[in-house]
Amino acid sequence: QVQLVESGGGLAQAGGSLRLSCAASGRTASDYAAAWFRQAPRKEREFVAAISWLGRSASYADSVEDRFTISRDNTKNTVYLQMNSLKPEDTAVYYCAARAHWAPTRTAEAYNYWGQGTQVTVSS
């Protein structure tokens, strides 16, 4: 069992930056691929970024490519999402997810564990 707790959300201005963290407890996070998803009001949850368990491969949604960076520190059991050049359309609740497999995927149903989410609001 893995518990995930997100932090780092908040209010930012357009063009600004935020860094989200996802701390894992329970079974070691190093055996798990991890991802970030987000859900805006009245919209479905969507994929943002994913990273393999050793951090050697990552993938991004087209909408965040070149602006967001996913990384992980397995010594701290923590996954990060550095968000730069934020836009109002990035406003959403951001969720951290983990799956018991080394390879990341963009499919939400493939992830076994989810955090409670952290709100990110970007003002124009």
Side-chain angles (χ1 to χ4, degrees):
Q1 192 75 9
V2 175
Q3 293 78 44
L4 304 174
V5 178
E6 303 97 334
S7 61
L11 179 64
Q13 291 188 333
S17 299
L18 285 173
R19 187 195 197 200
L20 305 183
S21 298
C22 173
S25 60
R27 285 185 61 180
T28 175
S30 63
D31 295 325
Y32 291 77
W36 289 93
F37 290 80
R38 68 186 182 186
Q39 187 167 18
R42 298 175 298 280
K43 293 188 177 181
E44 294 187 354
R45 187 173 299 188
E46 65 174 359
F47 169 79
V48 176
I51 189 167
S52 62
W53 72 288
L54 287 179
R56 293 175 178 171
S57 65
S59 64
Y60 298 90
D62 290 345
S63 59
V64 306
E65 186 81 57
D66 298 326
R67 299 190 298 121
F68 291 9
T69 302
I70 189 171
S71 62
R72 66 191 298 163
D73 184 344
N74 289 344
T75 65
K76 297 181 179 179
N77 287 345
T78 302
V79 177
Y80 304 97
L81 184 68
Q82 178 66 44
M83 305 186 295
N84 299 328
S85 301
L86 284 163
K87 303 176 181 180
E89 50 263 43
D90 293 321
T91 295
V93 176
Y94 283 71
Y95 297 91
C96 177
R99 67 189 294 250
H101 192 283
W102 69 270
T105 174
R106 299 178 176 225
T107 305
E109 291 75 14
Y111 288 87
N112 310 93
Y113 307 103
W114 291 83
Q116 293 300 308
T118 185
Q119 176 70 47
V120 171
T121 302
V122 183
S123 62
S124 57

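Basis for what follows: all heavy atoms, side chains included, without hydrogens, waters or symmetry-related copies.
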*Can you check whether Gln116's main-chain N or O pairs, donor with acceptor, with Glu6's side chain at less than 3.5 Å?*
yes
*Closest contact, heavy atoms only, Tyr111 versus Ala35*: OH-CB, 3.4 Å
_Using a 3.5 Å distance criterion without hydrogens, assess whether the side chain of Tyr80 forms a donor-acceptor pair with backbone atoms of Thr69._
no
*Counterpart residues, side-chain contact (heavy atoms from CB on, under 4.5 Å), relative to Gln119 (two or more places apart)*: Thr91, Val93, Thr121
*Excluding sequence neighbours, so at least two apart, what forms side-chain hydrogen bond (donor to acceptor under 3.5 Å, both in side chains) with Ser57?*
Ser52
*Of the non-hydrogen atoms in Arg72 and Ala34, which two are nearest, and what is the gap between them?*
NH1-N, 3.9 Å
*Of all residues at least two apart in sequence or in a different chain, which pass the side-chain hydrogen bond (donor to acceptor under 3.5 Å, both in side chains) check with Ser124?*
none
*Aromatic rings Phe47 and Phe37: how do their planes relate, parallel, tilted or perpendicular, breaks at 30° and 60°?*
perpendicular
*asked:* Holding to side-chain hydrogen bond (donor to acceptor under 3.5 Å, both in side chains), I want the full list of residues that pass it with Arg67, two or more places apart in sequence or in another chain.
replied: Asp90
_hydrophobic_cluster_shared for Val122 and Met83, side chain cutoff 4.5 Å_ = yes
*Can you find a heavy atom in the side chain of Trp36 that is under 4.5 Å from one in the side chain of Cys96?*
yes
*Under a single-linkage definition using a 4.5 Å side-chain heavy-atom cutoff for Ile, Leu, Val, Met, Phe, Trp and Tyr, are Tyr94 and Leu18 assigned to the same hydrophobic cluster?*
yes
*Considering residues at least two apart in sequence or located in another chain, which fulfil the side-chain hydrogen bond (donor to acceptor under 3.5 Å, both in side chains) criterion with Asp73?*
Thr75
*Hey, quick one: are Trp102 and Leu54 part of the same hydrophobic cluster, counting side-chain heavy atoms closer than 4.5 Å, chains of contacts allowed?*
yes
*For Arg45 and Tyr95, run side-chain contact (heavy atoms from CB on, under 4.5 Å): C-alpha distance rounded to whole Å, both residues' side-chain angles, the deciding distance at 0.1 Å, then the answer.*
CA-CA 9 Å; Arg45 187 173 299 188; Tyr95 297 91; 3.8 Å; yes
*Is the number of heavy atoms from other residues, nucleotides or ligands under 6.0 Å of Gln39 CD greater than 12?*
yes
*Whether over 12 other heavy atoms sit under 6.0 Å from Glu65 CD*: yes
_Asn74 side-chain N/O to Trp53 backbone N/O, donor-acceptor pair under 3.5 Å_ = yes
*Any chance you could lay out the side-chain contact (heavy atoms from CB on, under 4.5 Å) test for Lys76 and Ser21, step after step, and finish with the verdict?*
CA-CA 11 Å; Lys76 297 181 179 179; Ser21 298; over 6 Å; no
*Gln82 CD to Phe68 CZ distance, which is reported to the nearest 0.5 Å*: 9.5 Å
*Please report the shortest heavy-atom distance between Arg38 and Ser63, naming the atom on each side.*
NH2-OG, 3.5 Å
_Just verifying a value: how many Å separate Leu4 CG and Tyr32 OH, rounded to the nearest 0.5 Å?_
10.0 Å
_CD1-OG distance between Ile51 and Ser59, expressed to the nearest 0.5 angstrom_ = 9.5 Å
*Kindly compute the distance separating OG1 (Thr118) from CG (Leu81), expressed to the nearest 0.5 Å.*
11.0 Å
_Pairs involving residues 92-111, ordered by first then second residue, that meet salt bridge (charged side-chain N to carboxylate O under 4.0 Å, His left out) (sequence neighbours left out)_ = none
*same_hphob_cluster(Leu86, Leu20) at 4.5 Å side-chain heavy-atom cutoff*: yes
*Is there a donor-acceptor contact under 3.5 Å from the side chain of Tyr60 to the main chain of Ile70?*
yes
*asked:* Are more than 12 heavy atoms, taken from residues, nucleotides or ligands other than Glu46, located less than 6.0 Å from that residue's CD atom?
replied: yes
